[in-house]
Amino acid sequence: MNAKTKKTVLTVLKNILAWIISLIMLIPLLLIVINAFKPDSEALTLSLKLPEVWEFSNFAVVIEKGKLGTSFLNSLLYAGCATVITVILASMAAYVLARRRGKADNRLYMYMVLGIVIPINYVSLMKVMQVTQLNDTRLGIILLYVALQLPFSVFLLYGFVSKVPVDLDEAAVLDGCGPWRLFFNIIMPMMKSSMVTAAVLCFLNTWNEFVMPLYFLNSSEKWPMTLAVYNFFGQYSKSWNLICADILLTCLPVIIMYLVCQKHIVGGQTAGAVKG
């Protein structure tokens, strides 16, 4: 067996292994999707067998009894606002820290990035939320999400901005650009793909966040979908068809946003390649 044939065989084996792992990881998702359309009696076994009768009414029951309408709007508000604020602040902070390489700026960057690994002290955080009167408020949970996602977003965008040539800044300044115009008109359009990536990760993490709203949101009217699913599971723990429908409805917005952003990134890269 020559080297070229050996390389081809290894590539085929790697692809087969990747497909097998992907199919295994898709099994839980298939279980949820299939059982979400089954009647209560068929869903008890949680099998991959297709339902004999497709029960689309499960979703109507879940939306009505699980109060998913209100919780969906809450999650959309929290995740949307937190994502927009986080990405804008992180991109601005990453740009400034990447351009200033002094000791104080490097220490500030390391201090921000440490937020990725440092655990949260919920006792002291609860005291802060109570003193600032942000506990059990929508503004408070949004600010908590921003603080939680900001360190990783700065870390992600910092690596991209560091690769942008400083010559662009100098040329823009010579053309009369001020600091704000330089960032928003020159630098930010170049950061579009990395900002979209940061936005997807931030939206995904905030949408699926469970602990923060559990501690800091006491009113059920302000609960996001994660707490609504948890509460629904406690009431209908034996109705697996309704639980699967509830989980599926909770996952759909994140999947849709990921697909839309992925299409946007691929489209932008393709347009850039064609233009280049």
Side-chain angles (χ1 to χ4, degrees), residues 26-44 46 51 54-86 120 122 125-126 129-130 133-149 199-261:
L26 283 175
I27 289 176
L29 180 60
L30 289 175
L31 277 173
I32 293 173
V33 173
I34 292 174
N35 287 277
F37 294 94
K38 289 182 178 181
D40 191 17
S41 57
E42 292 185 33
L44 289 175
L46 280 179
W54 293 79
E55 290 287 348
F56 293 93
S57 60
N58 291 339
F59 297 94
V61 173
V62 167
I63 293 173
E64 180 182 356
K65 294 186 178 180
K67 298 180 180 179
L68 287 191
T70 303
S71 60
F72 173 80
L73 294 177
N74 289 334
S75 290
L76 192 62
L77 175 66
Y78 302 152
C81 292
T83 299
V84 172
I85 296 172
T86 299
I120 301 173
Y122 287 98
L125 185 57
M126 179 66 74
M129 296 293 287
Q130 290 175 349
Q133 297 183 355
L134 292 173
N135 193 37
D136 196 27
T137 63
R138 291 184 170 88
L139 176 61
I141 199 68
I142 290 173
L143 293 179
L144 284 175
Y145 284 158
V146 171
L148 191 65
Q149 300 300 323
V200 171
L201 295 175
C202 182
F203 189 88
L204 175 65
N205 292 332
T206 53
W207 185 275
N208 293 328
E209 178 62 35
F210 177 78
V211 178
M212 284 292 182
L214 181 65
Y215 277 102
F216 300 104
L217 289 179
N218 301 322
S219 175
S220 60
E221 296 180 355
K222 301 173 184 176
W223 281 358
M225 292 193 74
T226 48
L227 288 186
V229 171
Y230 178 74
N231 183 60
F232 187 85
F233 183 82
Q235 296 179 357
Y236 299 91
S237 57
K238 295 182 180 179
S239 301
W240 285 104
N241 58 333
L242 299 181
I243 293 173
C244 290
D246 197 1
I247 296 174
L248 185 59
L249 289 174
T250 305
C251 297
L252 274 179
V254 178
I255 296 174
I256 292 172
M257 181 182 179
Y258 173 78
L259 294 175
V260 171
C261 291

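- Here CD1 of Ile141 is found 10.5 Å from OG of Ser75. Values are rounded to the nearest 0.5 Å.
- Within the 3.5 Å criterion, the main-chain N or O of Lys38 finds a donor-acceptor partner in the side chain of Asn241.
- Note on ring orientation: taking the six-membered ring where Trp is involved, the planes of Phe56 and Phe37 are perpendicular (angle over 60°, cut-offs 30° and 60°).
- Between the Ser71 side chain and the Trp223 main chain, no donor and acceptor come within less than 3.5 Å of each other.
- Closest heavy-atom contact between Ala245 and Val62: CB-CG2, 3.9 Å.
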Problem - Evaluation steps, side chain to side chain contact (heavy atoms under 4.5 Å, CB included), between Leu144 and Leu125 - result: CA-CA 10 Å; Leu144 284 175; Leu125 185 57; 3.8 Å; yes

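- Between the OG1 atom in Thr250 and the CD1 atom in Ile32 there is a gap of 9.5 Å [rounded to 0.5 Å].
- Contact detail for Pro253 and Phe72: the closest heavy-atom pair is CG-CE1, 3.6 Å.
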Problem - Candidate pair Tyr78 and Leu217, rule side chain to side chain contact (heavy atoms under 4.5 Å, CB included), full reasoning - result: CA-CA 12 Å; Tyr78 302 152; Leu217 289 179; 4.0 Å; yes

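- Among all heavy-atom pairs drawn from Asn58 and Ala36, the shortest one is ND2-O, 2.9 Å.
- Checking side-chain atoms of Asn74 against main-chain N and O of Glu221 turns up a donor-acceptor pair under 3.5 Å.
- Heavy-atom minimum distance, Asn218 versus Asp136: N-OD1, 2.9 Å.
- Around OH of Tyr230, the count of heavy atoms belonging to other residues, nucleotides or ligands within 6.0 Å does not exceed 12.
- A donor-acceptor pair under 3.5 Å is absent between the side-chain atoms of Asp40 and the main chain of Ser239, judged by distance alone.
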Practice task
Show your working on side chain to side chain contact (heavy atoms under 4.5 Å, CB included) between Glu209 and Leu148 and close with a plain yes or no.
Solution key: CA-CA 10 Å; Glu209 178 62 35; Leu148 191 65; 3.8 Å; yes

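- For the atom pair CG of Leu31 and CG of Leu29, the computed distance is 9.0 Å after rounding to the nearest 0.5 Å.
- For Phe59, the CZ atom sits in a packed shell: over 12 heavy atoms of surrounding residues, nucleotides or ligands are nearer than 6.0 Å.
- Between atom CE of residue Met225 and atom CG of residue Leu76 there is a gap of 10.5 Å, rounded to the nearest 0.5 Å.
- Separating the SG atom in Cys251 from the CG atom in Leu204 is a distance of 9.5 Å, to the nearest 0.5 Å.
- A distance-only check finds no donor-acceptor pair linking the side chain of Asn231 to the backbone of Leu227 [under 3.5 Å].
- To the nearest 0.5 Å, atom CZ of residue Arg138 and atom OG of residue Ser219 are 7.5 Å apart.
- Thr226 and Pro213 get closest at one heavy-atom pair: OG1-CG, 4.4 Å.
- Every residue was checked against the ring pair (Phe, Tyr, Trp, His ring centres under 6.0 Å) condition with Phe216, not counting sequence neighbours, and none meets it.
- Between the side chains of Asn205 and Gln149, at least one donor-acceptor pair of N or O atoms lies under 3.5 Å.
- Partners of Ser220 by side-chain hydrogen bond (donor to acceptor under 3.5 Å, both in side chains), not counting sequence neighbours: none found.
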Problem - Residue pair Ile142, Thr206: steps toward the side chain to side chain contact (heavy atoms under 4.5 Å, CB included) verdict - result: CA-CA 9 Å; Ile142 290 173; Thr206 53; over 6 Å; no

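- Here the closest non-hydrogen pair linking Ala228 and Asp246 is O-OD2, 4.3 Å.
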